[in-house]
Amino acid sequence: MRQILHIPAAALLILAALSCSTDDINELDKKEEKGYIGTVSVEYNGETYDNPNIKVSYTPSVDGRTANLKIFKIKFVPQMPVRVNVTIPGIQVWQEESITRFYVDDINPLSLGGEFPKYRVTDMNGSISGNEINFSLNFGEYPTRYSGACVL
Amino acid sequence: MVPSLEIPDYGASLTSTIYIRGLGSRMENPSLSLYIDNIPVLDKNAYDFSWFGIHSGTLIRGPQGSLYGRNSMGGVLLLNTQKPMGGGTAAMVETGYPGMLQLGAMGTAGEEHAISGSVRLSRGYFTNAYSGKPLDPYTGGVLRWRWDRSISAFTSVSNSLHLNASREGGFAYGRYQDGEIQPVNYNDEGSYSRISLLDGFKVSHTGNHIRLNSLTSVQLLGDRMRMDQDYTPESIFTLEQRQRSAGITQEFIITPERSFGHWRPQSGFFCFGKLNRMDAPVLFKEDGIRSLILDNANRNIPEEYGYLDISEKSFPVNSRFLLGSWNAALFHESVWVLGRWVLTAGIRFDYEGGYMHYNSDALIHYRFVPIMTEAKEFKTSYTGHRLQHFFEVLPKISALYSIPVSSGSLRVYGNVSKGFRSGGFNTQIFSDILQGLMMNGMMEDLGVYLDNPREGVSAGNTQYKPEEAWNYEIGLRFSAGGRLTGQVDAYYIDCLHQQLTVFPPGKTTGRMMTNAGRSRSIGAEAELDYRHSGFHSHLSYSYCDARFREYIDGNADYSGNRIPYVPLHSYYFEVDDRFPALGLTWTVSGELRGSGPIYWNEDNSRSSGATIDLGATLGVSWGNCRLYLRGENLLGRQHPAFYFKSIGNEFFAVSKPRRLTLGITYII
């Protein structure tokens, strides 16, 4: 059974608007984009390259079965002279009790105005639990992990 | 002819600058203010020194802030037109090589009206190697009307109207390559058209032992400049700038009808308001889009990702401005004549405000190849306004002592005075601002972020405060035997809050305005004039060591370097003689002028040595007519007159070639 916090109604209303908790998932939450800040770790030439303070947005579809995941200003390798936004569209989503899980087998991410096959996404698996999001995937030949916390 | 005055002859009327005692710049506000019949010419773009009907001219060197206020930091040029009363009638026709025709006439109607006009046509002195056509033809005319009337024994009125219209080519800039100045060679139009009207209405009333002068002026200016901004055969970018401005000035001056014993005071109030609407689109063309925008953007994008492309072959960066400026000042000057001493003290309290509304935008279609299959529309806009105020206190003290001599006169003097050059807004930087916003915005729209993005410069960085100068001067003036007159002076000028364009620290792009500099000028001037019977000789010389005391532009430190465009030495020598022969009156004159060395840039890596120009005139008069043949630059040497850099290229303008002019005047 869900835990309901015994707090004043006004505060409840505010918390409902701001909270990243999955305890009160509803139609409104399914349409809302959620933002996370965390670290992207890319395995490159046997070493791990960390991108701290990377923003990720998770935007589910209306029916909650798919979502778009957007990673902002990421460098895949240290010598990359620019940072790029990358969107992974149409990831499959399902609920396991209070945990939102998602995956995608194989898809071209969107970046630089279109599909970006150079960094084709494979074996993506992730979850959202409470305020935290975690996922792993391959960007082309680069295994990548992300761990972040929700921002208000 | 005037020591320490340098007016490089280059570009077009709009771009010409004035340097005096090392003070001056290419920015909007000049260091030398111009008065025509006591009317202050507000806009440097309306400055005009060559027209028929000038009766007299006086150049006062050194800051004249207490009486003349703004933009007289280096001095004041007072031009007076022919008065109706006592004015003569004259006509002039000149034709010259290469290809020049000038007509002028002036006359009076009764005792109240004086009219003059002149027209000048010139095919120009330089050829554009790209088109093979003359680069700087000139067509222009000036019309002047002056009306004086005494309303009563105590009141008189006068009106002075000055109308100027011209169209000219210009911008004869040749690229400096391989140690040589190449012929002028660029593919887009360079021209300047202007129409200006200056009308001043003066009322002078004497009563209750007070003389009150009121001078009201209306000043209108409309001009259009087209410029190939890269000055190369490539299609990089061009500028078309159009301005329409209107200004009103009002001045009241009160002086006693008679001196109060030894004391002669004058007090006054001055104010003006000016509105200027400017439209200055920069057109980026095919080569410019590639080299200035796409190459810069794609330099940071890995090739294996693709590249950024813009669909347009050309697109404008539009910039529209509404500029307002206003000023109010109270001033007073007192002169005490105490025996051999003449003591002067003056003060001016000067308030000035400025307003700028800006609206810049650009629209392009970009595509990231090969990922994007279609181009995407991208619009950049930047709009807002800025407001600023300045307050200046401008004192002056001077002392002059007449030393008794057996014949002639000898006077020594010393003075300390302060002047300022107005602040304002540098609208030229807005193209740079929008270019940066467009590049960064386009990259961000694409979802690409540079590690070292182009430094953002905002409208606040276009503002600059007044530049101030303190002048410390001593000198002597003398005359001897009724034939010889002369003067010698030495000065030190401390220039503060110098108006400079600099880069943000550590950057090479994104220029901004600042008052970051300090400079000083140490100099000396001498003039000698000798007349006897029909013989006349004039010599003038100036020495000016003008240097930066503090100047860091964000990338380099130029402190201690010489200030560009200011010659270390300049001299002028003229000899003329008039004598009768064959029943006619002949005049023969020769002149020698020179200057240098001169540095062309802040780091003093470019300089030119001393230059010499030789001129001569042969004339013959009979009755009211005079026929003359004048030669200028008889040695045919063309030396550098101006230097600048644009997109990494260096350019020089050179002086005009040898010219011959045949003219005839008829004077009643």
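Note that these values count all heavy atoms, side chains included, but never hydrogens, waters or copies made by symmetry. Here is the naming used below: chain letters follow the sequence lines, and residue numbers restart at 1 for every chain.
Here A:Tyr36 and A:Phe135 keep their ring centres 6.0 angstrom or further from each other. A:Tyr49 and A:Tyr44 have their aromatic ring centers separated by at least 6.0 angstrom. Ring to ring, B:Tyr358 and B:Phe425 are not that close: their centroids are 6.0 angstrom or more apart. The aromatic ring centroids of B:Tyr643 and B:Tyr176 lie 6.0 Å or more from each other.
By the 4.5 Å heavy-atom criterion applied to side chains, A:Phe102 and A:Met124 are counted as neighbours.
Of the listed residues (A:Pro117, A:Ser111, A:Gly114), the greatest number of heavy-atom pairs within a distance under 4.5 Å of chain B belongs to A:Gly114.
Neither the backbone nor the side chain of A:Phe72 comes within contact range of chain B, judged by heavy atoms closer than 4.5 Å.
Within residues 367-381 of chain B, the residues having any heavy atom less than 4.5 Å from a heavy atom of chain A are, in residue-number order, B:Phe368, B:Ile371, B:Met372.
Remark: B:Arg226 does not engage B:Asp188 in a salt bridge, criterion side-chain N to carboxylate O under 4.0 Å.
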Do A:Arg145 and A:Glu43 pass the salt bridge (charged side-chain N to carboxylate O under 4.0 Å, His left out) test, and can you show the C-alpha distance, the side-chain angles, and the key distance before you say yes or no? CA-CA 9 Å; A:Arg145 299 186 310 278; A:Glu43 288 182 31; 3.6 Å; yes
